[in-house]
Amino acid sequence: MRNDKHKRLVIPGPVEVRPEILDAQTEWMIGHRSTAFSDLFARLQDKLKQVFMTQNRVFLLGSSGTGFWEGASRNCIRDDRKALHLVGGAFSERWAEISRANGKQIDVIDVQWGKAHTPDMVAEALKKERYDAVCFVHNETSTGVTNPVREIAEVIRPYEDTLILVDSVSGLLGAELRTDDWNLDMVLTSSQKAFALPPGLAFASISDRVLERAKQIPYRGYYFDFIELEANLLKNNTPTTPPVSLMFAADRQLSDVLSEGVENRWARHLQMRDMTTEWAFAREMGVFAERGYWSPTLTAVDNTRGISVDDMAKFMSGKGFAMDKGYGKIKGKTFRIAHMGDMQPATLEEILSGLDEFMGV
Ligand SMILES: *Cc1c(COP(=O)(O)O)cnc(C)c1O
């Protein structure tokens, strides 16, 4: 039985999961070396390729998205070479830390939190040094900035040795991303953000170039060894025991996503983004992210009215919503409204009018 005191999640991950999707997890268990499992895996593979907009394979693993960060750093950066990390928020910073923690050499292009990275910055850096990879975040969840992935990838592509590795954990399925059209070698994501699934699954599209690189690296670790994952994927399987229940949920959710249409889903997110940013300005607050790069999946509202985010969250909890209070060093100075996943504009309207009531406007 589900708890009827549930607060609907308006935080940027995990996001609210529809009851039908929760229910899909209660299917009878199957063994992962069975035909039923390889059928499930193959179905997921087909749907994942469609939503990633790629002909590349899409790895699936029981892990959070962070696992594929580590996998990317270990499988794509040779020990005697460097990677370039674009850092402008808590998540892009953490990925750079993970590369370092795996003993990789990196350079960083830092921008102030709230700013986007531009293709020019990347082009400049690429003129000075040869990189094995450029690692960057599509949608920086701490600040609500969406980076111009397509334009950045365009300046990297001419460098044949440089892999384009993109974290789209809070972007994919909410913000436009076209893996093959944009020439992205690896796009990684988690289940609990714009996919609107429970946490515990990670997905990553992997180009042939990535696998070629991985073969040149002797110590790739074990759990996130791309060569091993590929060998198993060819048999519609995973090297280790996968989260089968979550895969049942993903099977159902991806069918629903494809019925809605990925592009319609992007449009619904943009509509909710516009509702939120217009609301923030009309209430004399504002948007933390640089204009032109506002995220379709979440808005970090500039708390220029100085509202107490604790009181706000408490008030909204009374309305049945779990709110965010801001992330890391901009907590309180900003708070984030997630408009992500399966949220509908009508729900967002309810949230915004709840906030109005709290502020007495
Ligand atoms: C949430 C998030 C992560 C971390 O994902 P986990 O699934 O928690 O490991 C990485 N990058 C971005 C942009 C995120 O929003």
Side-chain angles (χ1 to χ4, degrees), residues 9-17 52 58-74 85-99 101-102 108 111 113-117 134-149 152 165-177 184 186-205 223-224 242-243 246 249-250 253 269 273 288-289 293-300 322 324-331 334-341 343:
L9 301 181
V10 191
I11 53 175
V15 306
E16 186 71 359
V17 179
F52 275 75
V58 181
F59 289 163
L60 167 162
L61 205 57
S63 145
S64 82
T66 302
F68 275 131
W69 268 345
E70 188 144 296
S73 300
R74 294 202 69 148
H85 275 264
L86 312 187
V87 172
F91 290 99
S92 42
E93 202 168 282
R94 197 176 303 160
W95 192 2
E97 256 174 62
I98 286 174
S99 285
N102 281 286
V108 168
V111 294
W113 281 35
K115 302 280 185 225
H117 283 89
V134 180
C135 307
F136 59 111
V137 169
H138 178 204
N139 192 73
E140 181 45 81
T141 318
S142 56
T143 61
V145 167
T146 300
N147 277 305
V149 171
I152 292 173
L165 311 181
V166 179
D167 163 328
S168 190
V169 172
S170 62
L172 201 86
L173 288 190
E176 180 177 8
L177 186 131
L184 311 178
M186 175 171 178
V187 176
L188 65 98
T189 194
S190 314
S191 51
Q192 78 279 13
K193 306 243 173 123
F195 267 67
L197 285 165
L201 263 179
F203 309 102
S205 69
Y223 198 72
F224 298 100
L246 279 169
Q253 174 67 346
H269 281 81
R273 189 272 308 271
F288 182 74
Y293 302 98
W294 295 343
S295 164
T297 61
L298 79 136
T299 301
D324 168 77
K325 303 179 195 175
Y327 193 98
K329 64 184 184 192
I330 54 172
K331 182 172 182 174
T334 66
F335 60 93
R336 299 171 302 171
I337 299 175
H339 26 80
M340 196 188 297
M343 184 186 280

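Along the sequence shown, residues are numbered consecutively beginning with 1. Ligands are counted one by one from 1 in listed order, and the atoms in each one are counted from 1 as well. Worth knowing before you read on, the calculation uses all heavy atoms, side chains too, and leaves out hydrogens, waters and symmetry mates.
Remark: the Thr297 side chain and the Asn139 side chain contain an N/O donor-acceptor pair separated by less than 3.5 Å.
Atom CH2 of Trp113 and atom CD of Glu93 lie 6.0 Å apart (nearest 0.5 Å). We find the CE-SG distance between Met186 and Cys135 to be 9.5 Å, quoted to the nearest 0.5 Å.
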Could you list each N/O atom of ligand 1 together with any protein N/O atom closer than 3.5 Å, one pair per line with the distance?
| residue | atom | partner | partner atom | Å |
| --- | --- | --- | --- | --- |
| ligand 1 | 7 (O) | Gly65 | N | 2.8 |
| ligand 1 | 7 (O) | Ser190 | OG | 2.7 |
| ligand 1 | 7 (O) | Gln192 | NE2 | 2.9 |
| ligand 1 | 9 (O) | Ser64 | OG | 2.5 |
| ligand 1 | 9 (O) | Gly65 | N | 3.2 |
| ligand 1 | 9 (O) | Thr66 | N | 2.8 |
| ligand 1 | 9 (O) | Thr66 | OG1 | 2.5 |
| ligand 1 | 11 (N) | Asp167 | OD2 | 2.6 |
| ligand 1 | 15 (O) | Thr141 | OG1 | 2.4 |
| ligand 1 | 15 (O) | Lys193 | NZ | 2.7 |

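The side chain to side chain contact (heavy atoms under 4.5 Å, CB included) test with Val166 singles out one residue from Asn147, Leu184, Val137, and that residue is Leu184.
Evaluation of the ring pair (Phe, Tyr, Trp, His ring centres under 6.0 Å) rule for Phe335 yields no partner, not counting sequence neighbours.
Residues Phe136 and Ser92 have side chains not in contact (no heavy-atom distance under 4.5 Å, counting atoms from C-beta outward).
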